[in-house]
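Here the structure comes first, spelled out in structure tokens, and everything after it is commentary.
Residue numbers start from 1 in every chain, and the chains themselves are labelled A, B, ... in the order their sequence lines are given, proteins ahead of strands. What you see is a predicted model, and the numbers here were worked out from it, not measured in a lab.
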Protein chains: 2
Amino acid sequence: MDQRSQRKQREYEARREEILLAAERMFSQHGFFKTSMAEIAESAQFAMGTVYRFFKSKEEIYISLVEAKVEELLSLLKEATKGGASTPEKLREVINVKLAFADQNRDFFRIYVSEWSGFEWTVKSAFGDRVWKKYLAQIDLVANLIKEGIKSKDFRKVNPKDTSLALHGMLNSTIYVWILQAGPKESLVDKGKWLGSLFLGGIGAVTTKS
Amino acid sequence: MDQRSQRKQREYEARREEILLAAERMFSQHGFFKTSMAEIAESAQFAMGTVYRFFKSKEEIYISLVEAKVEELLSLLKEATKGGASTPEKLREVINVKLAFADQNRDFFRIYVSEWSGFEWTVKSAFGDRVWKKYLAQIDLVANLIKEGIKSKDFRKVNPKDTSLALHGMLNSTIYVWILQAGPKESLVDKGKWLGSLFLGGIGAVTTKS
DNA sequence: TGATAAAATGAATGAAAATTCCATCTTGTC
DNA sequence: GACAAGATGGAATTTTCATTCATTTTATCA
């Protein structure tokens with residue numbers, strides 16, 4: 001009985017996941033507006049009606065997609081900043097994690113980076129609000145890291161939040177350009193080391209540690 | 001007779017221009033997909049049928065806008081590199097012109113950046129090709145400038161085209177971030193000086209001139 | 001096995017918007 | 001001032017979907 005419903009639960013989740021994957025595929029190929037529910041359904045190998053049993057609208061699919069990814073990235077970042085390493089080390093790790101994530105989720109980033117600004121409603125609607133909060137949580141996470149680094153004299157005195165924003169901006173733009181140029185198999189992660197030096201070199205107290 | 005048709009011509013152009021301006025206004029506010037032809041027509045104070053006498057589709061309006069902008073920027077850049085100033089000066093001017101242009105066309109750039117993935121005319125279609133060629137012309141223009149600078153020993157020996165691409169990449173990413181973060185009234189142009197030093201400092205022969 | 005409930009289907013619906021059509025108005029010409 | 005050619009307006013048509021729901025299929029279990 002309980003077993004049964006557990007399996008049901010699992011299967012439900014699995015199907016939901018499949019739909020999200022299909023949607024990610026389609027959205028990244030054609031963008032939000034030019035992807036139809038029919039295409040999503042077909043790509044997920046379900047009928048349209050079925051898709052609607054899992055998500056109440058196309059918009060909700062999009063938002064769920066973004067939310068799941070942003071959440072995933074946030075928890076990866078939390079993981080990366082947990083250990084006992086030095087602050088600059090942690091910062092380098094943050095950079096690596098984010099770039100690696102973009103690398104592995106290239107399709108997703110293509111929609112995310114390229115459309116979030118076009119969707120004012122994303123930020124305004126209740127759902128979008130959740131997404132936005134999670135994004136801000138990323139910023140805060142790194143801002144705290146910077147605060148720490150200032151205390152430990154690893155970084156000079158800067159506004160932590162602004163600086164965190166700047167770092168994220170730097171990473172985002174790098175990711176963006178990398179995605180747009182769609183070059184061969186240039187690795188995004190490789191740029192992390194250089195970006196790290198740039199950022200730390202710019203922010204470091206006197207001479208850069210490590 | 002000839003006078004007459006000349007005036008007709010002028011008036012035709014003026015109307016076309018008005019429609020483009022209205023479209024730019026609407027697209028900038030709501031994005032491409034959420035702007036309807038009815039809105040464009042209303043904003044231009046024409047009826048829909050009239051708008052269709054000037055442009056055969058909504059997409060064509062958008063395309064014409066993009067093309068005009070890219071063209072405009074190219075000619076501004078040509079202007080900037082014409083005089084008798086030193087090569088590093090010209091380079092700084094290129095940076096300023098490009099940033100100022102993005103600054104003045106902020107709203108428009110935002111849709112361009114955020115929605116272009118929704119179109120199928122990428123670099124392949126006849127249109128995308130025209131735009132792309134004009135973009136490459138910008139790269140070449142600057143590449144020639146760099147070549148000049150190398151000859152005059154203002155710059156060290158680098159691959160001019162690659163370096164030009166790098167500079168454009170640097171500017172683009174700065175512009176992207178600035179556009180996407182949609183901050184208050186931070187000036188983009190103000191960043192030009194700093195970007196200039198960075199680029200020239202990196203490329204300068206021994207110590208940077210000016 | 002067959003009765004019942006739950007899930008899945010996809011054609012039908014309706015709304016929003018792009019595009020077309022043509023009646024009406026403007027302008028230029030003689 | 002009358003006629004033609006062209007321009008304009010906006011209602012009507014067509015297209016494109018998101019969403020719904022009557023029906024069919026599948027799963028559960030006595």
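Per the geometry, CZ belonging to B:Phe33 stands 20 Å off P belonging to D:dT15, to the nearest Å. In this structure, NZ of B:Lys34 is placed 19 Å from P of C:dA15, rounded to the nearest angstrom. If you take CD1 of A:Ile40 and P of C:dG10, they are 17 Å apart, rounded to a whole angstrom. Atom CZ in B:Phe27 sits about 12 Å away from atom C1' in C:dA18, given to the nearest Å. Between the CD atom of B:Glu42 and the P atom of D:dG9 there is a distance of 13 Å, rounded to whole Å. In this structure, A:Lys58 atom NZ and D:dT16 atom C1' are separated by 11 Å, rounded to whole Å. Whole-Å rounding puts the A:Gln45 CD to C:dA7 P distance at 21 Å. The nearest whole Å value for the distance from the CD atom in A:Glu11 to the C1' atom in C:dA8 is 14 Å.
A:Leu99 and A:Leu188 make their closest contact through O-CD2, 3.6 Å (heavy atoms, listed as atom of the first residue, atom of the second, distance).
Applying a 4.0 Å cut-off to non-hydrogen atoms, the residues of residues 48-57 of chain B that approach DNA chain D are B:Met48, B:Gly49, B:Thr50, B:Arg53, listed by residue number.
In this structure, B:Leu145 CG and B:Leu77 CG are separated by 10.0 Å, a value rounded to the nearest 0.5 Å.
Under a cut-off of 6.0 angstrom, the local environment of CD in A:Glu42 is sparse, with at most 12 non-hydrogen atoms contributed by other residues, nucleotides or ligands. Surrounding NZ of B:Lys161 are at most 12 heavy atoms belonging to other residues, nucleotides or ligands under 6.0 Å away.
Both B:Arg15 and A:Ser36 lie near DNA chain D, and the one whose nearest nucleotide falls closer to the 5' end is B:Arg15.
A salt bridge does not link A:Lys90 with A:Glu93: every distance from a Lys NZ or Arg NE/NH1/NH2 to an Asp or Glu carboxylate oxygen is 4.0 Å or more.
Within the 6.0 Å centre-distance limit, the rings of B:Tyr12 and B:Phe54 are counted as a close aromatic pair.
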